[in-house]
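Contents: one structure, followed by commentary.
In each ligand, atom 1 is the first atom listed, and ligand 1 is the first ligand listed.
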Amino acid sequence: MSDPTAHASGATPPPGCPAHAGAVRLGGLQYQQTPAELYRALRREHGAVAPVLLDGDIPAWLVLGYSEVSYVTTHDELFARDSRRWNQWDAIPADWPLLPYVGYQPSVLFTEGLEHQRRAGVISEALEAVDQFEFGYNCRRIADELIDGFAGSGQAELMAAYAHALPMRAAVQMCGMPAHGTDTDDLVEDLRMSLDAAEGDDPVAAYGRVGQRLAALVKEKRDTPGPDVISRMLTHPAGLADEEIVQDLISIIAAAQQPTANWIGNTLRRLLTDDRFALNVSGGRLSVGQALNEVLWLETPTQNFIGRWADRDVQLGGRHIKAGDCLVLGFAAANTDPQIWPEGHVGAEGNSSHLSFSNGEHRCPYPAPQLADVMARTAVEALLERLPDVMLAVEPQELTWRPSIWMRGLTTLPVSFTPSSH
Ligand code: HEM
């Protein structure tokens, strides 16, 4: 594999900030339905590391190459996670739309070095103790209840009623909330509003209520621990403070819900629109697991992630990155990099070396990808089993993607099927 920090032959680094050399606006509407075209165009024009402009024309680098994303994520001494390094803070307005993702918070997401190992270690150990059979059983029960809610009507909008709802309920239950009850329902609704606001929602107020509810739950678990993630975090020898646990719980639930929901949605869309997939799955030639894996290569939920901040001046993909520059990790572009797929995605379904769960110190922590796989696999299998003649209720080209360059997911997935009672 070539050294991604070396200069590409013939490429000259742009002088100064990445806004030079034809930087492309990432936030615009132009490519939101077809980001693969954007990645192809950027790669053609700029190579593996492209200068881009975030909302408000704030400059950053989009890392598009598989080798370059791997390099950045595995060299946290060069490309670090604490966003307070950013050399653009003076230009960022107080109401900047990306602030919730980029503004430093004292959670596992932004910590580094030994402190990160401490926080991530507690999360991994708390998740490792989740019994995956029991978790799968709980996911199936949640799936069945959700399907019961719409099976009799012969139609459903699967993104809201199923793909988003299932991982949210599963994650909340895994953390130790009862499966049913007003508190659980309120928390689920507030989480939905804060992560995925619809018109008329107040995401900031909802986020505040999520924090309060989780703080109350943590206090409750201190008094009466149970066999759940929160109790295990509380009793871990690292001795995290309650506030640290609340911060990391929000990270866990948010990190679990959004990408898993879109993984389920993107897989269902393929099954419902791509004859090859549908025939293969029902014919038993391509398992649901393989179909889910192919989605991680070709339509990964976290298509771009912000990000890393350069700790010092460094070369990457022929570019001069300055200390404090922001790098966006282009997972979707990296997974489809022609350098690793010279002949198209032949055999992608049996190969799991994609970067959809990132890499290195801050990668999606073990065993979160396995838990996500249990949720997504159960969701897809339960739906196909319960509604075997499910079909798209609109033409495939009428489906629209969320207007986001960060998450790749559908706005809605309307389907119809023969009504059934349970
Ligand atoms: C049970 C479900 C999941 C849980 C509990 C979970 C948890 C987490 C946590 C706590 C982090 C922060 C890690 C850190 O900064 O040290 C993280 C990062 C991440 N997760 Fe997950 N996750 C889940 C599912 C998923 C899925 C389905 C995807 C995509 C297919 C995904 C992709 C990522 C990515 C790309 C990162 C960013 C890593 C980076 O900064 O390099 N996760 N996840």
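The shortest heavy-atom distance from Ser251 to ligand 1 is not under 4.0 Å. Assignment of Phe331 to the shell around ligand 1 is supported, since a heavy atom sits closer than 4.0 Å. Heavy-atom separations between Gln257 and ligand 1 are all 4.0 Å or longer.
In terms of modelled atom types and a separation under 3.5 Å, the side chain of Trp297 and the main chain of Asn351 share a donor-acceptor contact. Judged purely by atom type and a 3.5 angstrom limit, Ser231 has no side-chain atom pairing as donor or acceptor with the backbone of Pro227. Checking side-chain atoms of Ser124 against main-chain N and O of Tyr366 turns up a donor-acceptor pair under 3.5 Å. Checking side-chain atoms of Ser404 against main-chain N and O of Met407 turns up a donor-acceptor pair under 3.5 Å. Checking side-chain atoms of Asp337 against main-chain N and O of Tyr66 turns up a donor-acceptor pair under 3.5 Å. Under a 3.5 Å cut-off, the side chain of Trp86 and the backbone N or O of Trp309 do not form any donor-acceptor pair.
No side-chain donor from either of Tyr137 and Gln132 sits under 3.5 Å from a side-chain acceptor of the other. Residues Asp185 and Thr182 bring no donor and acceptor atom of their side chains to less than 3.5 Å of each other.
Annotation for ligand 1: atoms under 4.0 Å from non-hydrogen atoms of Met375 are 1 (C), 2 (C). For ligand 1, the atoms sitting less than 4.0 Å from at least one non-hydrogen atom of Leu296 are 30 (C), numbered in the order shown with element in parentheses. Below 4.0 Å from some heavy atom of Arg363 lie the following atoms of ligand 1, by number and element: 13 (C), 38 (C). Distances below 4.0 Å separate heavy atoms of Leu109 from the following atoms of ligand 1: 12 (C), 15 (O). Against a heavy-atom cut-off of under 4.0 Å, Leu371 is close to the following atoms of ligand 1: 1 (C).
Geometric assessment of Arg84 against the ring of Tyr104 yields a positive cation-pi assignment under the 6.0 Å and 45° thresholds. Cation-pi geometry between Arg408 and Trp401 is met: under 6.0 angstrom from the ring centre, within 45 degrees of the axis.
Scanning the protein for heavy atoms near atom 38 (C) of ligand 1, the closest one is His362 O, 2.9 Å. Scanning the protein for heavy atoms near atom 29 (C) of ligand 1, the closest one is Ser356 O, 3.6 Å. Among protein heavy atoms, atom 16 (O) of ligand 1 sits closest to His116 NE2, 2.6 Å. If you check which protein heavy atom lies closest to atom 40 (O) of ligand 1, you get Arg308 NH1, 3.0 Å.
Here the closest heavy-atom approach between residue Ala50 and residue Leu64 is recorded as CB-CD1, 3.9 Å.
Within 6.0 Å of CD on Gln339 lie no more than 12 heavy atoms contributed by other residues, nucleotides or ligands. In Asp223, the CG atom is crowded: over 12 heavy atoms of neighbouring residues, nucleotides or ligands sit closer than 6.0 Å.
One option in Val295, Thr300, Thr260, Val374 has a heavy atom closer to atom 27 (C) of ligand 1 than any other, and that option is Thr260.
Of all protein N, O or S atoms, those under 2.8 Å from atom 21 (Fe) of ligand 1 number 1.
Using a 4.0 Å cut-off between heavy atoms, Gln258 makes no contact with ligand 1 at all. With a 4.0 Å cut-off on non-hydrogen atoms, Asp248 does not touch ligand 1 at all.
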